[in-house]
Number of protein chains: 2
Amino acid sequence: MSANSIAFHSDHDHQHCIEQALSSARQICSERKQRLTPIRELVLKLIWQSHKPLGAYELLPALAEAGFNSAPPTVYRALEFLQSQGLVHRIASLNAFIGCPSPDHSHDGCFLICTGCGTANEIEAASAMRDLQRQAEALGFKTQHQTIEIAGLCPNCRESAAE
Amino acid sequence: MSANSIAFHSDHDHQHCIEQALSSARQICSERKQRLTPIRELVLKLIWQSHKPLGAYELLPALAEAGFNSAPPTVYRALEFLQSQGLVHRIASLNAFIGCPSPDHSHDGCFLICTGCGTANEIEAASAMRDLQRQAEALGFKTQHQTIEIAGLCPNCRESAAE
DNA sequence: GCCTGTTGCGTTACAATGTAACAAATTATA
DNA sequence: TATAATTTGTTACATTGTAACGCAACAGGC
Ligand SMILES: [Zn+2]
Ligand SMILES: [Zn+2]
Ligand SMILES: [Zn+2]
Ligand SMILES: [Zn+2]
C-alpha cells in the first residue's frame, strides 16, 4: 500500500504518524549511538505535526512555549542534526523542513508539494535518478546528492479548483 | 553533439556562448514583444559571463559600475523578467541564477552542480520527469513545475580530487 | 563517586537573501 | 501631444541563515 501518499489523505490518523515517527527516530538514534535530546525530539515532533513543510522560524515560538531557548541557532542546530540522521529533509524551493517517512534506509526522495494547501508528500525517485545518473556519468559527473521537488496541485485542491 | 556539457569543458570559446545567448535573447524578446531593456540585458550578460550560478547580490556591484541603480529590487526585477521568459533559471539549492542554453523551447531541465568549482550545467530531464509524473498522477497530483538539481563533482574536479 | 574530554546549548551579534510600497521616469498607444 | 501602462529609483524592512564564544550537561575511564 502507498504509505507514501498518506499526507494527501486528510482523514488518516495523523497522531499515529507522529508517534510512529518519534518512536522510530528514538530507535534509530539509539542504534547509531546518537543523542535525540529533548530539543531535537521536540523539533522533530513539531515538524511531524504539520503536513506542510515548516520554516525554521515557525518552530521558534513552540520552542519558547516549551520553555526552551528560542534563538535561531537552537532550531538550526536541531534541524542540522535531524537532517544528518535522515529524519527530516530540507525543501530547497520552500526553505522549509519536513519529516522523512522512511528514515531507516537511504533513498532518493522526491517531494510533491501542493501550491494550493502547502501539503507535501515524499515519493521514491530511484528510477528517475537512475536515468539522470546515466546522463551525468556520460558527462563524467559524479553524483553526490540531489534535490528533486515538484510543485503542483494535490487531489483535494485539484477538486476545489475545478468547482 | 552535447552542447549541454559545454560548461564542463574549460577550453571552449565562452565569448561565443555569451554573444549567442544575448542575440538569441534579443530575438526571443522581440518575437514575444517583450522589452529586453539595458538593465535586463546587462544582467543576462553578467550571468552568462559566469559558468557558476550567480547570486542576486553578486550582480549588484557590476550594475553600479555600469552606472545603473544598484539596489536589490533592480536586480530582482530583472531576474524575474528573465526567468519569466525562460532566459535564466533559479537554482533553489544555491539561491543563485544561471543562463538557460535553450530558452527558445520549453523543457524540463536538470542542473548538474559541481561542489568543487561551482560550475553548473543544464541537462534534459524529460524522461526522468515522465517517470515522476506517472507516480504523481497515480496519487492524483497535477504537476505544475519542478526543481531538479544534482550536486556532485565535475570531470575536472574529479580528476583533481583523485590526485 | 570524581575527573576530563566531548558534545550540546544559550546568547549576542550579524550576514545573506528577498520584498513591499510608492514616487519618478520612460515608453507605448492613441 | 495627451494618456495610460510599464519600467526604474528609492527607502525601508522582512525573512532566512551563521559565526563566535562561553557555559552546561553528559559519557567514559579511573
Ligand atoms: Zn526521505
Ligand atoms: Zn493541496
Ligand atoms: Zn533551461
Ligand atoms: Zn568542478
Side-chain angles (χ1 to χ4, degrees), chain A residues 25-26 29-44 46-47 50 52-85 87-98 118 147 149, chain B residues 25-26 29-44 46-47 50 52-85 87-98 118 147 149:
Chain A
R26 279 187 283 261
C29 289
S30 142
E31 281 170 4
R32 297 179 188 165
K33 307 217 188 308
Q34 297 290 321
R35 294 168 53 199
L36 189 64
T37 63
I39 290 184
R40 292 169 177 175
E41 184 167 333
L42 174 55
V43 167
L44 181 60
L46 291 169
I47 286 178
S50 168
K52 306 185 197 187
L54 287 181
Y57 280 72
E58 294 181 90
L59 295 163
L60 289 176
L63 252 71
E65 225 172 287
F68 292 105
N69 170 47
S70 75
T74 301
V75 70
Y76 278 104
R77 287 191 282 233
L79 289 167
E80 189 182 14
F81 170 82
L82 295 171
Q83 283 182 268
S84 78
Q85 298 306 313
L87 297 167
V88 313
H89 297 295
R90 180 170 190 275
I91 309 234
S93 60
L94 298 177
N95 296 334
F97 301 83
I98 192 167
T147 300
E149 298 163 16
Chain B
R26 281 188 282 260
C29 289
S30 142
E31 281 170 4
R32 297 180 190 165
K33 307 217 188 310
Q34 296 292 319
R35 294 169 54 196
L36 190 62
T37 63
I39 290 186
R40 292 168 177 176
E41 184 168 334
L42 174 55
V43 167
L44 181 59
L46 292 168
I47 287 179
S50 168
K52 305 184 197 188
L54 287 181
Y57 280 73
E58 294 180 89
L59 295 163
L60 289 176
L63 253 71
E65 226 172 286
F68 292 105
N69 170 45
S70 76
T74 301
V75 70
Y76 278 104
R77 287 191 282 230
L79 288 168
E80 188 182 14
F81 170 82
L82 295 171
Q83 283 181 267
S84 77
Q85 299 305 315
L87 296 167
V88 313
H89 296 296
R90 180 169 191 275
I91 310 233
S93 60
L94 298 176
N95 295 336
F97 301 84
I98 192 167
T147 299
E149 300 163 14

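The figures here come from the full heavy-atom set of this structure, side chains too, leaving out hydrogens, waters and symmetry mates. So that the names make sense, note that chain A is the first sequence line, chain B the second, and so on, each numbered from 1. Everything numeric in this text was worked out from a predicted model, so none of it was measured.
- With D:dT10, D:dG9, C:dT11 as the candidates, the nucleotide lying closest to the side chain of B:Ile39 is D:dG9.
- Rounding to whole angstrom units, CD of residue A:Gln34 and C1' of C:dG8 are separated by 12 Å.
- Contact detail for A:Leu59 and A:Val75: the closest heavy-atom pair is CD1-CG2, 3.5 Å.
- Computed from C1' positions of five pairs at each end, the angle between the two local axes of the helix from C:dG1-D:dC30 to C:dA30-D:dT1 equals 30°, rounded to 10 degrees.
- Candidate nucleotides D:dT16, D:dT18, D:dT11 were compared by shortest atom distance to the side chain of A:Arg90, and D:dT16 ranks first.
- Here the CZ atom belonging to B:Phe81 is positioned 12.5 Å from the CD1 atom belonging to B:Ile39, to the nearest 0.5 angstrom.
- Across B:Val88 and B:Leu79, no two heavy atoms sit closer than the pair CG2-O, 4.2 Å.
- Residue A:Thr74 has a polar side-chain atom (N or O) positioned under 4.0 Å from OP1 or OP2 of C:dG10.
- Along DNA chain D, the nucleotide closest to B:Tyr57 and the one closest to B:Pro38 are compared, and the more 5′ of them pairs with B:Pro38.
- Within the 4.0 angstrom heavy-atom criterion, only backbone atoms of the sugar-phosphate kind lie near A:Asn95; the bases stay farther away.
- To the nearest 0.5 Å, the span separating CD on A:Gln85 from CD on A:Gln34 amounts to 4.5 Å.
- The interatomic distance linking B:Tyr76 (OH) with D:dA14 (P) rounds to 17 Å, in whole Å.
- Put simply, the side chain of A:Glu149 gets close to the backbone of A:Ala92: a donor and an acceptor are under 3.5 Å apart.
- Atom-to-atom, CD of A:Glu80 to P of C:dT7 comes out at 14 Å; the value is rounded to the nearest Å.
- With D:dT8, D:dG17, D:dT11 as the candidates, the nucleotide lying closest to the side chain of B:Thr37 is D:dT8.
- Looking only at distances, no side-chain donor or acceptor of A:Arg90 sits under 3.5 Å from a matching main-chain atom of A:Gln83.
- Taken to the nearest 0.5 Å, the CG atom of B:Leu60 stands 13.0 Å off from the CZ atom of B:Phe68.
- With rounding to whole Å, B:Leu60 atom CG is found 11 Å from C:dT17 atom C1'.
- Straight-line distance from the CD1 atom of A:Ile91 to the P atom of D:dT16: 14 Å, rounded to whole Å.
- Summarising the geometry, the separation between CG on B:Leu79 and P on C:dT17 is reported as 13 Å, rounded to the nearest angstrom.
- Remark: side-chain polar atoms of A:Arg26 are not paired, donor with acceptor, to backbone N or O of A:Leu36 under 3.5 angstrom.
- A straight line from CZ of B:Arg32 to P of D:dT6 spans 18 Å, rounded to a whole angstrom.
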Restricting both atoms to N or O, compile the protein contacts to nucleotides 20-23 of chain C shorter than 3.5 Å, with distance only.
none

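- For the pair B:Phe68 CZ and C:dA25 P, the interatomic distance rounds to 17 Å; values are reported in whole Å.
- With rounding to the nearest 0.5 angstrom, the CG atom of A:Leu87 is 10.5 Å from the CD atom of A:Glu41.
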